[in-house]
Amino acid sequence: MIAPTGVFVPGGAVLLVLAVLGFGAFFWRAWRLYRYMRLGRDEARIDHPWRRVRDELVVYLGQRKLLKRPYYVRGLAHAFIFWGFLVITIGTVDLLVSGIVGFHLPGAGSGLFAWTIDIFAVLVLVSIAIALVRRLFFAPPRMHVALDGYVILGMIAVLMLTLLVFEGAGLAAGLLEKGYSSPPIANAILRSIFSRDAAGVVFPVAWWTHVVTVLAFAAYLPQSKHLHIVTTLPNVFFKKQTPRGALSLIKDIENQETFGAATIRDFSWKQLLDGYTCTECGRCSDNCPALATGKPLDPQKIVLDIRDQLLAEGPRLLKDAKAEVKPPAHWVESKPEELWACTTCAACVEACPVTIEHIDKIVDMRRHLTLMEGSAPPEAQRAMTNIERAGNPWGEPRETRGDWAKDLDVPTFAEKPDAEYLYFVGCAGSYDRRNQKVARALAAILRAAGVSFAILGKAETCTGDPARRLGNEYLYQLQARANIGTLNGHGVKKVITSCPHCFNTIANEYPQLGGNYEVTHALPLVQKLIAEKRITLTKGADEIVAYHDPCYLGRHNGIYDQPRAVLDAIPGVERKEIAPHHRERGFCCGAGGGRMWMEERMGQRVNHRRVEQLVMANTGATKVASGCPYCLIMLDEGVGAKGVQEQITPVDVLELVAARLETN
């Protein structure tokens, strides 16, 4: 029992034994899990320490990712449970210390602290009620609703109730010291319920129930899926600080004997920690465009399968590090279409409240399938062969790469070595007829603004983005090194690209190989040119334009506002959102991750679902604008397949700007 003075008061020795048993079980299991995790390969995750501290404050303590629409109400309930758990953990430590050695932690005996604990206890109880109602009556289809969840919620509820009861009874019986003499309303009510004699009986029962539940919770937690209560803290701290769109580099690739992930040992320790941290909330699955359109991919299942394989094989591998291991999940052997369905759109990563990195695992497994087993889908293999042979996934001749600009008198860097910017056109802008119009539009805008630029022409080759996302890291590095050599040979310092995939690769991944340039996507640059009045736009016909967020411009690189600012600056254009699937929740066009060159044989085509969303949003738009050549191709095909080409026309934002350029 709590007492103001004295060491090992009656019950103190028993409490000490229980504490040793409860926390001993916790730390023994935690140590085992840590050793399992360290079976994974090493990975450095200590760069940018201040950013990591910021993430702990904002993502972990602030619960930022939970407090987002459409999860705001249930996210707030979860946040209150989390915050209450932290506050009451401090109170529990004080409770155990005071019960064993007879003194309080500094500040823990104050009236303010007592008020804080009790207020959070009430908020946690309300939040638990919301969580129970949701689980029983409104559980999302992807959410794992199991007995384990009810056990944890029940334990937390018992902790809150017994806390309020023993404090109220203790105050009524005069068994708590003056530090607890300013209780909130809940305790005031409890004090009015108990007589002094009854309170004296209720107090020890509630106190011991609370303590035993705490210790049982500590022993049970590492065995349950709610281990994320503990592992979220390191998982957030160790999340990658490189741009989201940057995949990991296979260093010294020429001398590697194996590639990608085929067993538990092939994943990094951080990727295995992700498995411990999964809350099984299903947010990643709810937002996955592949799963939404009937593909077998389930991002949550991938993470959980890797975790389950680790827990199954970990004990054996600790005994024999050379023991034979199986593939981490069934799809690697029998259902690789799960991995090939991923568009790497990052909807799963954006939605995850505990910063799990799904894409990196999927690409690592693709690397094994592509480089070790040669089992990439035939169309993907054809695209990679075309890149290797012709420098573009379409297989068009290298010599015609600059033909789109023949009648525009656009110089090459060889002809204009003092150009300020290199316009890296990309494969789509160079070869796809529809996107050649976008390239011509950007050239017109840059000229109107007096921007000094040039292109590489036939010296340009594919950035390697499709090959890398398809798992062919070797081909990617060949392409990247070729481009870096060309850019450095011409002394290029600044790069413009109208393709978000090219932008992401050159800006975020080429630095891994020594290619460091000042890279901008065309839309932020055009927004700047408009703001500086370097181009003037004339008023055209009034029209309503819906904006579609490209994944590699938005979720991967955080460019949401500048394209919208460009649309808003065009006279006569009224911008509309494709709500609710816009900005961070934008729906993929289906072409990323190398899917541009693969057939969709299962379920609905992703781009068709996107067009349906556009129509159902009822924006009144006659055009849908984007800033990505892949999106333009996919939206064009989608509106044609859905028979709505007379209602809405896909365009690039650059085309809208170029059509209204004021000419002298």
Side-chain angles (χ1 to χ4, degrees), residues 39-44 240 242 244-272 274-275 290 297 299 302-303 305-306 309 325-346 348-349 356-385 387-388 393 462-481 501 504-505 508-510 512-513 556 592-598:
L39 292 169
R41 59 180 170 80
D42 286 335
E43 182 180 15
K240 69 178 185 181
T242 53
R244 181 180 285 171
L247 295 174
S248 61
L249 180 76
I250 298 179
K251 298 179 180 178
D252 192 22
I253 195 168
E254 295 284 353
N255 295 314
Q256 299 298 319
E257 296 181 358
T258 61
F259 303 94
T263 70
I264 289 300
R265 293 194 190 99
D266 298 325
F267 291 98
S268 74
W269 63 264
K270 173 57 173 65
Q271 291 174 328
L272 299 179
D274 278 350
L297 173 64
I302 286 178
V303 175
D305 279 352
I306 293 172
Q309 191 72 19
V325 290
K326 298 178 181 179
H330 67 279
W331 68 83
V332 175
E333 288 185 326
S334 60
K335 295 179 69 178
E337 60 267 24
E338 294 188 37
L339 299 177
W340 298 118
C342 179
T343 66
T344 66
C345 70
C348 53
V349 181
I356 287 172
E357 297 159 2
H358 309 72
I359 294 174
D360 302 72
K361 299 175 186 61
I362 291 172
V363 171
D364 273 347
M365 287 186 278
R366 282 183 173 185
R367 285 171 172 173
H368 174 78
L369 293 173
T370 298
L371 294 174
M372 300 299 294
E373 297 186 8
S375 58
E379 319 93 272
Q381 188 60 58
R382 190 179 308 115
M384 289 186 283
T385 300
I387 292 172
E388 187 174 6
C462 178
T463 62
D465 163 81
R468 190 173 217 195
R469 267 101 198 132
L470 288 170
N472 197 335
E473 177 72 7
Y474 187 83
L475 178 56
Y476 158 73
Q477 291 197 23
L478 286 178
Q479 293 298 121
R481 293 183 193 280
H501 297 263
N504 178 74
T505 302
N508 298 330
E509 296 184 323
Y510 277 17
Q512 297 172 342
L513 295 169
H556 278 291
R595 293 294 317 175
M596 180 75 182
W597 294 275
M598 287 188 276

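Side chains included, hydrogens not; waters and symmetry mates left out as well; all remaining heavy atoms used.
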Check: [Y] and [X] side chains under 4.5 Å, non-hydrogen atoms:
| X | Y | result |
| --- | --- | --- |
| W340 | L369 | yes |
| D274 | E357 | yes |
| L339 | I302 | yes |
| I359 | V349 | yes |
| D266 | H368 | no |
| R265 | R41 | no |

Which value, rounded to the nearest 0.5 Å, describes the distance between [X] atom [atom1] and [Y] atom [atom2]?
| X | Y | atom1 | atom2 | value |
| --- | --- | --- | --- | --- |
| L297 | I362 | CG | CD1 | 5.0 Å |
| Q256 | E254 | CD | CD | 10.0 Å |
| H358 | C342 | NE2 | SG | 10.0 Å |
| I250 | Q477 | CD1 | CD | 7.0 Å |
| Y474 | L371 | OH | CG | 10.5 Å |
| K361 | K270 | NZ | NZ | 6.0 Å |

Contact summary for [X] and [Y], nearest pair of heavy atoms:
| X | Y | answer |
| --- | --- | --- |
| T505 | Y476 | CG2-CE1, 3.9 Å |
| Q381 | A376 | OE1-CB, 4.2 Å |
| L475 | A467 | CD2-CB, 3.8 Å |
| P393 | I387 | N-CG1, 3.6 Å |

### Query
Between the main-chain N or O of G245 and the side-chain N or O of N504, is there a donor-acceptor pair closer than 3.5 Å?
yes
### Task
Give a yes or no on whether the backbone of T463 and the side-chain of H501 come within a donor-acceptor separation of less than 3.5 Å.
no
### Query
Checking side chain to side chain contact (heavy atoms under 4.5 Å, CB included) for the pair Q309/L272: CA distance, chi angles, key distance, verdict?
CA-CA 10 Å; Q309 191 72 19; L272 299 179; over 6 Å; no
### Message
Tell me whether D360 is salt-bridged to K240, with the criterion being a basic N under 4.0 Å from an acidic carboxylate O.
### Response
yes
#### Entry: D364 bridged to R367 by N-O distance under 4.0 Å
yes
### Message
Here's a test for you: under side chain to side chain contact (heavy atoms under 4.5 Å, CB included), which of E473, M365, M384 qualifies with T370?
### Response
M384
### Candidate pair E509 and R469, rule salt bridge (charged side-chain N to carboxylate O under 4.0 Å, His left out), full reasoning
CA-CA 12 Å; E509 296 184 323; R469 267 101 198 132; 2.8 Å; yes
### Message
Assess, by modelled atom type and distance only, whether the side chains of N472 and E388 contain a donor and an acceptor separated by less than 3.5 Å.
### Response
no
